[in-house]
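Worksheet: one structure, shown below.
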Amino acid sequence: MILSALRRFPGFVAHSYQVRNGQDVLPRLLTYTVTFRCNARCIMCDSWKMQGHNDLQIDQIESIFKQLPPMDGVRLTGGEPFVRTDLLEITNLAIRYLKPLGVHITTNGFLTDRIVDLCTQRPRKVPLQIMVSLDGLKDKHNHIRGSSIAFPNAMKTIESLVKLRKKWNLDIAVNQTIVDQEGIEQYQLLQSLLKPMRVRHQMVMAYDTSATYSVERNKDVAPKQVGQFAMFGQIPHGELESLFANVQRDLRQIPWWARLAKSYYIRGIAERLLGDPGTKKYTNPSCVALNSHLRIFPNGDVPTCQFNSNIVGNLKEMAFSELWRCDQIQSQRDWVRKCPGCWAECEVLPSAIYSLDLLKPIAAGRP
């Protein structure tokens with residue numbers, strides 16, 4: 001994602017200047033939730049509880065992609081994206097029409113054969129990152145994901161992709177969601193498991209609720225003040241300090257671009273969860289939701305962001321050029337500008353990149 005944006009540097013600089021000055025811009029990053037359907041039953045997500053699925057058909061997806069501007073990156077997610085048997089077709093359409101410099105797919109790793117088939121059948125010239133969710137060793141991960149096959153299948157997928165990564169231009173990473181205190185111990189165990197395979201291991205803190213993955217729609221659960229972050233579970237202060245220190249130590253072993261992004265996320269989450277909120281200064285980039293960052297829901301709806309599922313329009317029913325200028329999107333952009341800021345990595349990092357806030361530590365001489 002970072003490399004994708006910076007490789008188009010001249011246009012990136014001009015775009016970032018507009019972002020920092022509060023101007024409306026065309027999107028450069030697409031997050032497309034291809035389905036809310038899921039074959040897991042995660043304790044921190046309600047996606048699998050949703051009813052009345054109305055996923056876009058492949059011809060509708062093609063029609064929408066034809067209307068969108070070129071993207072630096074395309075993120076395909078779910079639910080579980082690989083429950084769609086046409087995910088390879090969707091990926092190919094994204095590459096053909098959106099011309100991204102990289103594609104990212106998040107998966108629980110249950111469907112190993114489908115994942116391997118996509119990796120080896122899509123155009124190899126476009127880098128592909130597969131992010132496999134793995135929250136601990138066997139019993140812990142199976143419990144969080146609500147399935148007895150969660151851990152063995154995720155490991156089978158990781159081991160299969162490791163063998164393919166060099167030939168097929170793959171970047172493989174594991175994302176661990178910390179839902180409780182036990183997750184901190186599991187972090188160390190996963191580090192030991194994944195290090196011999198040279199698989200990058202990163203963590204995120206589970207937040208209490210998400211508008212995107214709620215069974216309710218048109219819901220605003222965004223923070224009401226700067227620095228607010230509600231965790232899914234309760235973790236003692238000292239345990240959090242230890243976790244963040246260990247993560248920062250382990251970041252020294254990963255590529256610079258991943259280290260830059262993850263350090264930014266860890267710094268911000270630590271600021272929010274440690275210390276006295278009344279005296280803290282928070283890392284808080286200008287949000288680029290409904291500007292640099294476009295989200296599309298499975299049925300073609302365009303929501304505001306991860307924590308606000310108010311819909312500005314539907315790309316199955318209206319042209320992108322019309323939606324991007326309509327009164328409803330302008331109203332929600334006003335909401336975005338007034339929002340005190342969240343700390344969900346999927347929202348924060350696009351904002352940090354396109355506002356150039358990500359580079360502030362380097363400018364200040366910090367790692």
Side-chain angles (χ1 to χ4, degrees), residues 11-12 14-36 50 52-77 90 93-94 97-100 210-223 285-342 344 346-348 350-351 353-355:
F12 172 78
H15 181 96
S16 298
Y17 176 83
Q18 292 175 300
V19 168
R20 295 196 307 277
N21 283 277
Q23 300 177 38
D24 294 342
V25 295
L26 288 173
R28 294 180 60 134
L29 172 68
L30 171 65
T31 297
Y32 174 27
T33 304
V34 299
T35 186
F36 282 126
M50 294 183 187
H53 298 291
N54 187 24
D55 298 348
L56 293 169
Q57 300 300 306
I58 200 72
D59 60 326
Q60 296 169 323
I61 296 169
E62 181 173 20
S63 176
I64 291 170
F65 283 0
K66 283 180 178 179
Q67 301 175 53
L68 300 181
M71 299 287 170
D72 294 324
V74 172
R75 302 196 300 199
L76 303 177
T77 186
I90 295 172
L93 288 175
Y97 292 111
L98 306 181
K99 306 189 185 319
S210 162
T212 296
Y213 297 109
S214 170
V215 293
E216 300 177 44
R217 275 291 162 258
N218 297 312
K219 187 174 182 180
D220 174 4
V221 294
S286 300
C287 184
V288 298
L290 294 180
N291 274 282
S292 306
H293 186 191
L294 167 66
R295 285 182 175 270
I296 302 177
F297 276 172
N299 67 346
D301 281 345
V302 174
T304 302
C305 67
Q306 176 81 358
F307 294 105
N308 186 334
S309 60
N310 277 277
I311 303 303
V312 301
N314 184 290
L315 289 171
K316 185 171 61 176
E317 301 169 356
M318 60 193 303
F320 169 76
S321 58
E322 177 188 358
L323 180 147
W324 209 241
R325 298 191 305 267
C326 72
D327 291 342
Q328 182 63 19
I329 201 170
Q330 296 297 348
S331 173
Q332 287 305 112
R333 283 181 183 140
D334 289 340
W335 179 91
V336 169
R337 292 184 183 103
K338 295 173 185 176
C339 179
C342 69
C346 57
E347 294 288 356
V348 166
S351 297
I353 291 167
Y354 288 110
S355 69

Ignoring hydrogens and angles, tell me if any N or O in the side chain of [X] forms a donor-acceptor pair with the backbone of [Y] under 3.5 Å.
X      : Y      : value
Glu347 : Cys342 : no
Trp324 : Val25  : yes
Arg217 : Ala211 : yes
Arg28  : Leu294 : no
Arg333 : Leu290 : yes
Asn314 : Asn299 : yes
Gln67  : Ser63  : yes
Thr304 : Asn310 : yes
Thr33  : Pro298 : no
Ser309 : Lys219 : yes

Checklist entry - Has Asp334 got more than 12 heavy atoms of other residues, nucleotides or ligands less than 6.0 Å from its CG? => result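 More than 12 within 6.0 Å, yes.
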Just verifying a value: how many Å separate [X] [atom1] and [Y] [atom2], rounded to the nearest 0.5 Å?
X      : Y      : atom1 : atom2 : result
Ile353 : Asp72  : CD1   : CG    : 9.0 Å
His293 : Asn291 : NE2   : CG    : 11.5 Å
Met318 : Cys326 : CE    : SG    : 4.5 Å
Leu29  : Met71  : CG    : CE    : 7.5 Å
Ile90  : Leu93  : CD1   : CG    : 8.0 Å
Leu315 : Leu68  : CG    : CG    : 6.5 Å

Heavy-atom closest contact ([X] atom, [Y] atom, distance):
X      : Y      : value
Pro100 : Ala94  : CD-O, 3.4 Å
Pro285 : Ser355 : CB-OG, 3.8 Å
Ala344 : Gln306 : CB-CG, 4.4 Å
Ser351 : Cys287 : OG-CA, 3.4 Å

Checklist entry - How far apart are the C-alpha atoms of Tyr97 and Ile64, what are their side-chain angles, what is the distance that settles it, and do they pass the side-chain contact (heavy atoms from CB on, under 4.5 Å) test? => result CA-CA 10 Å; Tyr97 292 111; Ile64 291 170; over 6 Å; no
Whether the [X] and [Y] side chains hold a donor-acceptor pair (N or O, under 3.5 Å, no angle test) is what I'd like checked.
X      : Y      : result
Thr35  : Asp55  : yes
Thr31  : Arg295 : no
Asp220 : Trp335 : yes

Item to check | Stepwise side-chain contact (heavy atoms from CB on, under 4.5 Å) test for Val74 and Tyr32 | outcome: CA-CA 8 Å; Val74 172; Tyr32 174 27; 5.5 Å; no
Item to check | salt_bridge(Arg337, Asp24) N-O dist < 4.0 Å | outcome: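 Salt bridge: yes.
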Item to check | Sole candidate of Ser292, Pro69, Pro70, Pro350 that passes side chain to side chain contact (heavy atoms under 4.5 Å, CB included) when paired with Pro27 | outcome: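 Option passing the side chain to side chain contact (heavy atoms under 4.5 Å, CB included) with Pro27: Pro69.
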Checklist entry - Does some side-chain heavy atom of Leu30 sit less than 4.5 Å from a side-chain heavy atom of Phe65? => result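 Yes, side chains in contact.
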